[in-house]
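Letters go in sequence order (proteins before strands), and every chain restarts at 1. Note: hydrogens, waters and symmetry copies are ignored here, and every other heavy atom, side chains too, is used. It should be emphasised that the depicted structure is a prediction, and the values quoted were computed from it without experimental measurement.
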Amino acid sequence: MQLHFHNSLTRRKDAFTPIDPDHVRLYVCGPTVYDLAHLGNARPVVVFDVLSRLLRRVYPRVTYARNITDVDDKINARARESGEPIGAITARTTADFHADMAALNALPPDVEPRATQYIPQMVGMCQRLISRGHAYAEQGHVLFSVGSFPEYGSLSGRSPDELLAGARVEVAPYKHDAGDFVLWKPSDAETPGWDSPWGRGRPGWHIECSAMSEDILGPEFDIHGGGHDLIFPHHENELAQSCCANNTKRMANYWVHNGMLLVDGEKMSKSLGNFLTVRDILGRGAWAGEAFRLLLLRTHYRSALDYSVAALEECKAELDDFYAMLARQAPEARPHLGMVNWALEPLGDDLNTPLALARLRDLRTLENVANVGGSAAAVHARTPFPWVPEPGEARAAVLEVAKVLGLLWHDPAEWRQGGSSDDAAQIEAAIAARQAARVAKNWAEADRIRGELTAMGVVLEDTGGVTTWRRG
RNA sequence: GGUCCGAUGGCCGAGUGGCUAGGCACGGGACUGCAAAUCCCCCAACGCCGGUUCGAUUCCGGCUCGGACCUCCA
């Protein structure tokens with residue numbers, strides 16, 4: 001399967017050619033751990049989770065690295081405000097992040113480096129940059145010299161002149177040039193710091209990503225991912241730091257950026273204060289994590305996505321339909337490789353998850369038709385050939401495709417009947433009583449029992465002579 | 001102000017130089033004792049103005065509106 005990705009470097013969709021086809025290397029910018037993850041933070045995690053699953057399906061070996069930034073002035077500020085020690089803040093927030101992302105079924109990356117473990121590498125990178133003439137030390141700071149790197153601005157499509165013209169901050173006195181950015185900065189006694197050739201200090205502009213990606217993936221790797229808002233200055237600076245320190249051309253060959261999550265048409269961000277945490281969503285019920293994951297995947301990753309509760313509930317209803325199919329008895333079967341590949345094919349075209357989901361629905365319809373009856377003429381018109389599966393075959397294909405999307409991981413019975421499960425026996429007894437009434441053609445009694453169950457929030461489904469139930 | 005991205009039916013959302021996805025909602029039907037579940041059918045769209053073309057929702061230009069970035073940001 002030939003993959004294609006939109007590459008921010010070239011601003012077009014490029015065929016993906018790994019540096020080493022036997023080992024694909026992916027780096028994604030992870031969280032700064034000072035607060036709970038909000039919905040916007042979850043988007044890149046889920047998007048690149050699908051990307052990494054796809055890569056693993058296509059290539060024999062994939063290394064996916066995603067950092068934890070646990071040294072940052074936002075963390076320092078939070079510690080000052082709350083009085084909580086920095087280490088406690090970062091440890092707790094990291095654990096919360098892991099739990100929240102697991103609830104979205106995002107697999108852990110292969111490597112999850114922490115900035116505090118890479119201070120020597122960052123210092124070393126600063127030294128290399130200075131010795132190569134790309135950085136200078138001034139008043140305890142180390143600054144990157146933008147003028148030393150003619151390609152600066154190529155990722156974000158800006159010329160250095162434009163960048164200076166648009167600069168809206170005052171130029172610090174220790175900068176030789178207004179566009180220069182801080183790689184290392186001094187720490188006072190109250191601020192965390194490490195010894196360095198320039199005195200006690202701490203990392204500046206996300207040099208940790210450059211140091212860690214080089215250490216783990218090498219000076220040049222395949223894909224660098226993150227949110228669209230990171231292109232400038234974050235990734236532009238990373239690229240400059242890494243290329244100049246390592247004397248390489250690109251750092252990463254493909255730069256992949258996800259669009260922003262919006263709420264009421266505006267970016268969800270901590271600085272705007274309009275954010276909802278992942279935990280807020282998860283609190284809506286056991287279904288909410290998967291519903292939110294589906295919500296993220298039903299829009300193409302590069303588009304803006306406007307969050308709403310109505311959309312989340314629509315996703316829940318759609319998952320109900322999938323789990324209704326999965327809960328039905330069907331023989332074990334092997335997935336039909338041709339149909340699975342047909343459904344997954346859109347993912348190779350710049351991760352077109354909405355189209356893959358449309359095909360997943362078609363596979364669901366085929367299973368329903370095989371199981372419950374009906375016609376699938378409309379589906380057959382779309383599929384590569386009119387596949388008429390035996391019961392269980394399309395179901396197996398659905399699960400295979402869902403694995404790459406990271407969906408449908410719940411137990412179907414648990415999804416449908418979970419929650420307050422202590423009344424399950426009572427419900428089963430009522431269903432048996434109703435069935436007896438139906439056999440006796442005592443419709444009034446059968447409907448009375450069904451009415452009682454409806455009042456309890458239980459929905460009956462009499463499919464194929466078998467009565468199953470779910471919570472409505 | 002500069003750079004970039006987007007605008008598709010009631011809502012969400014793919015895609016394509018002609019054959020015009022999919023979902024939700026609405027309406028109709030099949031099935032069912034009645035429902036539910038399931039299946040089928042129907043519905044309706046490409047922001048505005050020009051240009052290129054036999055033909056434009058798709059390509060080009062302009063405009064309007066929305067969003068992102070311009071040294072905190074996923």
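With hydrogens and angles left out, the side chain of A/Lys267 and the base of B/C73 share a donor-acceptor pair within 3.5 Å.
Consecutive pairing runs in RNA chain B reach the stem threshold at B:1-7 with B:64-70, B:10-12 with B:22-24, B:27-30 with B:38-41, B:47-51 with B:59-63, where a stem means at least three Watson-Crick or G-U wobble pairs with distances under 3.5 Å.
For B/A44 and B/A37, the C1' atoms lie 27 Å apart once the distance is rounded to whole Å. Rounded to the nearest Å, the gap between the C1' atom of B/G17 and that of B/C60 is 13 Å. With P as the reference atom, B/C49 and B/U64 are 15 Å apart, rounded to whole Å. Look at the C1' atom in both B/G50 and B/G22: the space between them is 34 Å, to the nearest Å.
Heavy atoms of A/Ser269 sit under 4.0 angstrom from at least one base atom.
A/Tyr136 and A/His176 have their aromatic ring centers within a separation under 6.0 angstrom.
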statement: Quick tally for nucleotides 23-35 of chain B: nucleotides whose base has a protein heavy atom under 4.0 Å get B, sugar-phosphate-only ones S, the rest -, giving BS--------BBB
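A/His134 and A/Phe144 have parallel rings, their planes meeting at less than 30° on a 0 to 90° scale where 60° marks the start of perpendicular.
Picking from B/A21, B/C72, B/A74 the nucleotide with the shortest atom distance to the side chain of A/Ser271 gives B/C72. Distances were taken from every side-chain heavy atom of A/Arg158 (C-beta onward) to each of B/U38, B/C70, B/A74; the shortest belongs to B/C70. Checking B/A74, B/U71, B/G22 against every side-chain atom of A/Phe181, the shortest atom distance belongs to B/U71.
Contacts of residues 1-15 of chain A with RNA chain B (heavy atom under 4.0 Å): none.
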